[in-house]
**Q** 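The structure is given below, and queries will be raised subsequently.
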Amino acid sequence: MTAGAVRRDRPGPARGGLAALAATALGVGAGQLVALPVSPPAGPVTAVAGQVVALTPPALAEAATVGAGLGSRHTVVAGVLVVLALAAAGLGALSRSSRRPGTWGLAALGLVGAVAAATAPGAGQLDVLPAAISLAVTVTTFHGLHRLASRIPPFTPEGTLPDGRPARESLTRRRFLRASAAAGAGGLVAGAGAAWIAPRLPSARIGPARDALTARLTTLAAAGRVAPAAGLPPGAAFPGGTAFATPVADFYRIDTALRVPAVDPASWRLRVHGMVGRELDLGLDDLLARPLVERWVTMACVSNEVGGGLVSTTRFTGVELAPLLAEAVPDRAADQVLSTSTDGWTAGSPASVVLDPARGALLAVAMDGVALPPEHGFPVRIVVPGLYGYVSATKWVTGIELTTFAARADYWRVRGWAPPGPMETASRIDAPSSYAQVPAGRVVVTGTAWAVPRGISRVEVGVGDGPWVAAELAPVPAGGATWRMWRAELDLAPGRYTLRCRATDGDGVPQVAERRSPLPGAATGLPTRSVVVA
Ligand SMILES: Nc1nc2c(c(=O)[nH]1)N[C@H]1C(S)=C(S)[C@@H](COP(=O)(O)O)O[C@H]1N2
Ligand SMILES: [Mo]
């Protein structure tokens, strides 16, 4: 060995393991810290723990809770940390001749965190950021520490190198140990700091505030202060078909919010202003003091493709918007109701629609009997039956301005979308699924159709170019504000078929068959589905 050359060597399993462990600690600590301003549940460890809890069968979760003194959540977090530490140390120990096992393994662990954060219910678009930063910090730190560890000469007795020079081993070793200790300690401090800060942030109050609002609504309902929605008529959905009421967790979600706004209901205000005779300024208590109603509504997104899933139905609870706005004495010349959210998003609805008491626009506070989830607009959002979400359904609403379409354009109109029009009559085939193989004979086809607020009067199904066959229509709660399930039985011999369907609205007008993509208005065209009958 030539004098002065730094001998490269394999770091033993202990050094490799220590390097990976310290790097992971720093990376995870950084990720947890970055999550604070983004979204605390999106911290990589918090996110994985959350998914573990969500995926644990209830019986097992209960057993874990009973068994754990600290409560299952802390136990799960501790479990995740232990598994992570073992995995990281193992990957580091494997990285002897090359950094590759550690690099790829640690990156894979980081990806698990990112996927957990991105797929958590209510995740915002920025929620992968903490895990991504965590991954980058971990891998970079691991590289640095691994390089230091590789520079430590092999152990020789008497502290000399094989060529007899005095080893600088102790110096290099000390540098490696010091750097590892610094990374590990930094990670611990960051992680512990984040864990201490998170429950003290305003966003941590949203969960309890939501529960409190749900409890309050339950009390109001028990006191008869909520006009209940008509119960679902029996048979509103067909066996094997799509559920009439979309579970809240499956309700489609569309918004531009990079992070889900955390709006404290205690300080929430709604200002009604603009072309009005009298401005209104309401808090949540003022809102809940008004008569509350429940209403079944099917909401749809204008960007839904034919056959797409951006349409859902739930029972909203809220305050009638038309009489509330009437109290502000809107100017007759105001043709637009422009609503604003805390994040600056705006929706411009036709005043004629929102101010029409028969349409039933709501300031909604709950869906399916529970306070709105944060990602669906907690604490208050607007719901206008028959208007697409982009021109009506403002989540986290805090302002309503009476104005004109000539004077103000809303968020999506500025970006090329059409001003509000009536909702297109639309239908969808839900079963059999695409390219499903079904046995020959009687084939049951189910689906849904909507044309809010006109309702659905007829749905027909066709096979190939064959004639239209009337489908059976399920009963719906009163009015046309919801979708309507349908079902048809076809007699099919073996072969490949294309099924199509067509809905007719309550005014007797069939849905537009001409194929048109969403932008600038809603899509039109008849849904089709390929099936294989064997
Ligand atoms: N504040 C805010 N509200 C919003 C949006 C948004 O981006 N920001 N998107 C709208 C659109 S385009 C639709 S389709 C509906 C979707 O509501 P959901 O996510 O509760 O299903 O919300 C509307 N309300
Ligand atoms: Mo939308």
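Indexing begins at 1, ligand by ligand and atom by atom, following the structure's order. Residues take their numbers from the sequence shown, with the count starting at 1.
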**Q** In terms of atom number and element, which parts of ligand 1 are under 4.0 angstrom from non-hydrogen atoms of F251?
**A** 21 (O)

**Q** So if I count the atoms of ligand 1 from 1 in the order they appear, which ones are less than 4.0 Å from some heavy atom of C301?
**A** 14 (S)

**Q** Distance-only, no hydrogens or angles: does the T214 side chain make a donor-acceptor pair with backbone N or O of R210 under 3.5 Å?
**A** yes

**Q** Distance to 0.1 Å, residue and atom name: give those for the protein heavy atom nearest to atom 17 (O) of ligand 1.
**A** R381 NH2, 3.0 Å

**Q** At less than 4.0 angstrom from any non-hydrogen atom of D343, what atoms of ligand 1 do you find?
**A** 1 (N)

**Q** Mark up the atoms of ligand 1 that fall under 4.0 Å of a heavy atom belonging to Y390, in ascending order.
**A** 11 (C), 12 (S)

**Q** Considering non-hydrogen atoms of the protein only, which is the closest contact for atom 13 (C) of ligand 1, and what is the distance?
**A** G389 CA, 3.7 Å

**Q** Quick one: sort the Y411 and W345 rings into parallel, tilted or perpendicular, breaks at 30° and 60°.
**A** tilted

**Q** Please report which non-hydrogen protein atom sits nearest to atom 24 (N) of ligand 1, along with the residue it belongs to and the distance in Å to one decimal place.
**A** A393 O, 2.8 Å

**Q** Do R200 and W196 form a cation-pi contact, if we require the NZ or CZ to be under 6.0 Å from the six-membered ring centre and within 45 degrees of the ring's axis?
**A** yes

**Q** Indicate whether the side chain of T446 and that of D430 have a donor and an acceptor atom separated by less than 3.5 Å.
**A** no

**Q** State whether a side-chain donor-acceptor pair under 3.5 Å links W483 with T313.
**A** yes

**Q** With a 3.5 Å cut-off and no angle check, do the side chains of T524 and Q511 form a donor-acceptor pair?
**A** no

**Q** For atom 19 (O) of ligand 1, grab the closest protein heavy atom and report residue, atom and distance to one decimal in Å.
**A** K395 NZ, 2.5 Å

**Q** Go through the side-chain N and O atoms of T46 and Q32 and say whether any donor and acceptor fall under 3.5 Å apart.
**A** yes

**Q** Looking only at protein heavy atoms, identify the closest one to atom 14 (S) of ligand 1 and say how far it is in Å.
**A** Y252 OH, 3.2 Å

**Q** Any cation-pi pair here, R500 with W468, using under 6.0 Å and within 45°?
**A** yes

**Q** Which heavy atom of the protein is the closest neighbour of atom 4 (C) of ligand 1, given with residue, atom name and distance?
**A** W345 CZ3, 3.5 Å

**Q** Check ligand 1 against R253 and write out every atom of the ligand that is under 4.0 Å from a heavy-atom position of the residue.
**A** 19 (O), 21 (O)

